[in-house]
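Scroll down for the structure; my scribbles are underneath it.
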Amino acid sequence: MTENALEIRGLSKEYKGFRLKDVSFTVPSGTIMGLVGANGAGKTTVIKLILNLVRRKAGEIRVFGMDNLAEEKAVKTRIGFVHETPGLIEDAKLRDIKAAVAPFYPKWDEAVFARLAGEFGLPLEKRFKKLSHGTKMKFGLALALAHDADLLVLDEPTSGLDPVFRRELLERLSDVIQDERKAVLFSTHITTDLEPTTDHITLLSRGEVVFSLPKDEIRETWAVVKGGPELRNGAGRALFRGVRESAFGVEALTSDIPGVRAAFPSGVIVERASIEDIMVFIDQGACHA
Amino acid sequence: MRELIIKDLLLHKKYLLVLGVICPLYLGFFGARLDRPVTFAAFGGFVCAIGALMLFTREDKFKSVGFGLSLPATRREVLVSRYLLSWALMVLCYVLGAAVVLAVPGSKLGAAGFRPGTVLAALALMTLYFGGLMPLTVRFGPAGIIVFVVILQVLGIAALSFRFLIKDARAFAAAVKAGLIATQGALGPSGFSAVLVAAIVLLNLASFGISLRLFERKEY
């Protein structure tokens with residue numbers, strides 16, 4: 001039986017003007033999970049809750065079966081975390097930051113770090129504040145990979161990166177899960193990052209999970225339906241998660257393709273929905289549907 | 001615990017080097033002009049406490065607390081390491097400052113200004129400053145120091161506003177002083193020192209307890 005690297009059950013959190021509501025999903029070992037959603041959907045909040053950087057209102061988080069609060073230290077030993085904007089002491093040199101971080105991890109591998117530093121072109125004698133955003137991300141990734149983390153958690157790792165390193169980073173994530181005991185969770189709002197790398201996708205919208213499914217299942221389940229006004233007004237309206245009008249007619253998002261085919265036997269086109277389609281429809285649909 | 005202290009020493013190396021030079025010179029410069037050991041203890045204790053606390057307010061300044069908390073350590077351990085490192089820094093700054101005071105030609109404070117009783121008084125005052133400031137900086141970051149100063153200002157304004165109480169306050173202070181002298185007389189110097197050390201430890205534990213509650217509630 002495959003062990004789950006991460007299990008989140010009924011997670012809730014409240015800020016002024018924002019609620020994370022009953023979020024549940026699992027990341028099986030040997031997989032890459034994309035946590036996707038528009039800005040403000042709650043992705044970073046979920047990641048902060050995993051790392052116990054913020055306090056939850058309700059719910060449970062287990063990392064390799066361990067409660068992330070009761071066994072916080074053991075959990076964090078197995079997590080490699082890369083933040084969208086790595087916050088480190090700005091006037092510290094990379095060499096010193098590496099020396100400060102390494103002793104925390106029993107599986108720290110100096111040779112791996114040296115190799116990654118070479119491959120990423122990290123200037124170890126430079127101070128952190130002198131680095132570009134991309135180099136800061138590379139440094140954060142090198143730190144996370146050098147301690148052989150079993151669960152890599154990356155918060156918007158690709159935003160602000162040039163296309164070359166973005167592709168390289170995504171390829172490295174795929175390399176990580178060659179070891180089937182490991183897993184990756186990365187949040188993004190750049191949906192093109194999801195296609196080549198992820199096995200599972202969890203879509204968050206306004207603090208709620210829309211779905212958490214294997215990528216192939218999303219392809220088979222979700223579709224954009226194109227047709228005329230009958231989509232907006234017909235009896236099958238309840239089948240849609242979002243509807244919008246364009247110059248060419250009416251488009252709607254559905255997760256019930258057989259139902260749509262039955263309700264609209266002719267005159268509509270059913271096309272596979274991309275993650276971006278789903279995101280746009282869901283976020284707009286909540287307002288206009 | 002060791003890892004946390006090493007981390008802070010490495011990441012704040014530059015600040016610590018500056019502190020290690022500036023703080024003793026500052027203490028020495030002003031301390032050499034003082035003639036009352038207790039004044040030096042009060043002034044030196046405050047400078048040392050601020051110097052140590054600034055180390056951790058840097059993490060708020062650079063927004064690096066989140067990264068620190070993503071490392072394998074509990075918040076309790078992080079806070080214990082902060083208290084231990086702060087005390088090591090405060091004592092080191094005070095010792096180096098005292099050495100500079102003694103080395104300055106014409107210094108009014110001689111070796112008599114650093115007798116065990118005076119040093120213990122300096123440690124007690126450091127405890128009051130540091131113990132009061134640490135929970136505020138945990139809660140408010142660098143602004144915690146300003147909050148502390150504002151609280152002192154408000155207390156000062158309140159004292160001025162209620163002048164009629166000052167006479168009583170002075171009588172109260174005199175009574176406290178007399179009580180301390182009487183206690184010292186009853187316990188003897190070593191017994192009194194032991195009680196003072198116990199009070200220092202208890203105040204630090206109380207400060208730690210409050211800081212921990214605030215730290216565990218804080219979100220990054």
Side-chain angles (χ1 to χ4, degrees), chain A residues 13-15 44-45 47-56 63 68-108 127-129 136 139-140 143-144 147 149 153-155, chain B residues 1-22 52-82 84-85 89 137-139 141-142 212-220:
Chain A
K13 168 76 188 165
E14 277 188 18
Y15 290 115
T44 298
T45 302
I47 287 175
K48 283 184 172 182
L49 284 162
I50 294 169
L51 292 161
N52 192 23
L53 298 181
V54 296
R55 295 188 312 142
R56 63 197 177 204
V63 177
N68 80 320
L69 298 185
E71 296 173 86
E72 183 175 6
K73 207 169 163 179
V75 163
K76 287 181 178 175
T77 305
R78 297 184 71 176
I79 292 179
F81 174 52
V82 182
H83 196 271
E84 176 191 5
T85 46
L88 286 162
I89 299 295
E90 294 276 331
D91 57 14
K93 289 181 179 176
L94 301 197
R95 188 175 296 286
D96 289 331
I97 297 172
K98 186 269 295 178
V101 168
F104 283 91
Y105 298 100
K107 291 202 285 179
W108 179 269
R127 298 193 188 280
F128 189 72
K129 65 181 171 191
K136 284 179 180 175
F139 181 58
L143 290 177
H147 72 81
V153 177
L154 304 99
D155 188 14
Chain B
M1 193 63 61
R2 192 171 147 267
E3 295 90 355
L4 286 162
I5 291 174
I6 290 172
K7 173 187 82 91
D8 286 332
L9 290 175
L10 282 167
L11 295 185
H12 301 284
K13 198 162 65 177
K14 198 175 160 189
Y15 172 79
L16 290 169
L17 285 172
V18 172
L19 182 74
V21 174
I22 299 289
L53 280 161
M54 292 289 278
L55 183 76
F56 303 111
T57 59
R58 277 164 50 83
E59 298 206 340
D60 287 288
K61 176 186 160 191
F62 293 124
K63 295 182 170 56
S64 66
V65 186
F67 175 79
L69 292 177
S70 73
L71 297 171
T74 62
R75 291 195 184 201
R76 172 182 278 274
E77 289 171 333
V78 170
L79 201 62
V80 169
S81 80
R82 283 186 179 190
L84 290 177
L85 186 56
L89 287 176
T137 52
V138 166
R139 174 66 183 82
L212 184 62
R213 278 176 180 267
L214 293 169
F215 196 37
E216 286 182 336
R217 291 181 68 83
K218 192 154 182 188
E219 305 197 322
Y220 294 95

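Convention: sequence-line order gives letters A, B, ...; per-chain numbering from 1.
For the pair Lys76(A) and Glu77(B), the salt-bridge criterion is not met [side-chain N within less than 4.0 Å of a carboxylate O].
Listed by chain and residue number, Arg58(B) satisfy the salt bridge (charged side-chain N to carboxylate O under 4.0 Å, His left out) test with Asp91(A) (two or more places apart in sequence, or in another chain). For Arg56(A), there are no salt bridge (charged side-chain N to carboxylate O under 4.0 Å, His left out) partners, not counting sequence neighbours. Here Glu3(B) pairs with nothing under the salt bridge (charged side-chain N to carboxylate O under 4.0 Å, His left out) rule; sequence neighbours left out.
Contact of Leu143(A) with chain B is made through the side chain alone, with heavy-atom distances under 4.5 Å. With a 4.5 angstrom heavy-atom cutoff, Lys63(B) touches chain A only via backbone atoms. Of the two parts of Lys61(B), neither the backbone nor the side chain holds a non-hydrogen atom closer than 4.5 Å to a non-hydrogen atom of chain A. If you measure heavy-atom distances from Leu9(B) to chain A, you find no contacts under 4.5 Å at all. Heavy atoms of Glu72(A) lying under 4.5 Å from chain B belong exclusively to its side chain. Only the side chain of Arg127(A) comes within contact range of chain B, with heavy atoms under 4.5 Å apart.
The aromatic rings of His147(A) and Trp108(A) sit parallel to each other, their planes meeting at less than 30°, with 60° as the upper class boundary.
The line from CG of Leu51(A) to OG of Ser70(B) is 6.0 Å long, rounded to the nearest 0.5 Å. Separating the CG atom in Leu85(B) from the CE atom in Met1(B) is a distance of 11.5 Å, to the nearest 0.5 Å. Rounding to the nearest 0.5 Å places CG of Leu94(A) at 4.5 Å from CZ of Phe139(A).
Closest of all the heavy-atom pairs between Phe62(B) and Leu88(A) is CB-O, 3.8 Å.
Of the residues considered (Ile50(A), Ile79(A), Asn52(A), Asp96(A)), Asp96(A) shows the highest number of contacts with chain B, using heavy-atom pairs under 4.5 Å. The residue among His12(B), Glu216(B), Arg217(B), Glu59(B) with the most heavy atom pairs within less than 4.5 Å of chain A is Arg217(B). When each of Thr77(A), Leu53(A), Val75(A), Val153(A) is scored by its heavy-atom pairs under 4.5 Å with chain B, the top score falls to Leu53(A). When each of Lys129(A), Arg55(A), Glu90(A) is checked for heavy-atom pairs under 4.5 Å with chain B, Arg55(A) comes out on top. Here Lys13(A) is the residue among His83(A), Lys93(A), Lys13(A), Arg78(A) with the most heavy-atom pairs under 4.5 Å with chain B.
When Leu69(B), Val65(B), Leu212(B), Leu71(B) are each tested for a side chain to side chain contact (heavy atoms under 4.5 Å, CB included) with Val78(B), only one passes: Leu69(B).
Listed in order of number, the residues of residues 97-104 of chain A that approach chain B to under 4.5 Å between heavy atoms are Ile97(A), Ala99(A), Ala100(A), Val101(A), Pro103(A), Phe104(A).
For Lys136(A) and Phe128(A), the positive end sits near the middle of the six-membered ring, less than 6.0 Å away and at most 45° from its axis.
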